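None of the values given here were measured: they were computed from a predicted structure. Each chain gets a letter, A, B and so on, in the order the sequences are listed, and its residues count up from 1.
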Amino acid sequence: MAQWLFKTEPSEFSLEDLLAAPGRMTRWEGIRNYQARNYLRDAVRIGDPVFLYHSSCREPGIVGLMEVVRAGYPDPTCLDPESPYYDPRSTPERIRWYTVDVRLIARLSAPLPLRTLRQERALRGFQLLRRGNRLSIIPVTQTLWQHLMELTTLLPL
DNA sequence: GCCAACGTTGGC
DNA sequence: GCCAACGTTGGC
């Protein structure tokens, strides 16, 4: 089992959107980066826990805990010309990008802001905190995961 | 809105 | 295969 952090821009898709979704589940679609694609395709497994992170917003930070309910499969939005994630280079036989399904497990009693994470010595080396980090599917080591859990209080749904 | 960092594209 | 140009991400 591995642990992950998925980024989303709340103006596109937020914790609140996930709370409102049927079964509090969603397809994590629209990932268009090869490294992230490879994680989704090869490494993210059913049952893996995932922190939900809000980026490009007033207060970037971790806001929720999800779990993977379906492992990697070709992202159908690649073939949908109406979708903002449409990929003209994909074909039904060869879809370039992958997705997984996730379900919200808990929200945090309070968001865990990026600026707090930066102050934690125990989180040094966390890929999320690296300068210029742009990866939206980030693996979290067990050690980092435990440290992060110690900084949070979960509110079960 | 700015801009640093990084990924992708495409000409050669 | 190199690398300049360009586009995107994302914190601030």
Distance-only donor-acceptor pairs under 3.5 Å for side chains of residues 149-157 of chain A, two or more places apart:
unit_1   : atom_1 : unit_2   : atom_2 : d
A:Thr152 : OG1    : A:Met149 : O      : 3.0

Can any side-chain N or O of A:Thr26 pair as donor or acceptor with the backbone N or O of A:Trp28 at less than 3.5 Å?
no
Under a 3.5 Å distance rule, please check whether A:Asp75 uses its side chain to pair with a backbone N or O of A:Gly30 as donor and acceptor.
yes
Identify which one of A:Arg107, A:Lys7, A:Met66 satisfies the side chain to side chain contact (heavy atoms under 4.5 Å, CB included) criterion when paired with A:Leu52.
A:Met66
Under 4.0 angstrom between A:Arg118 side-chain N/O and C:dC12 OP1 or OP2:
yes
Are the ring centres of A:Tyr34 and A:Trp97 closer than 6.0 Å?
yes
Within 45° cone and under 6.0 Å: A:Arg124 NZ/CZ vs A:Phe126 ring
no
Of all of residues 75-89 of chain A, which get a heavy atom below 4.0 angstrom from DNA chain C, listed by number?
none
Closer than 3.5 angstrom, by distance alone: can the side chain of A:Thr8 be matched with the main-chain N or O of A:His54 as a donor-acceptor pair?
no
Please work out if A:Arg115 contacts a base, only the sugar-phosphate, or nothing of the nucleic acid, heavy-atom cut-off 4.0 Å.
nothing
For residues A:Trp145 and A:Phe51, establish whether the separation of their ring centroids is below 6.0 Å.
yes
Starting at the 5' end of nucleotides 3-10 of chain C, put B wherever the base has a protein heavy atom under 4.0 Å, S where only the sugar-phosphate does, and a dash everywhere else.
----BBSB
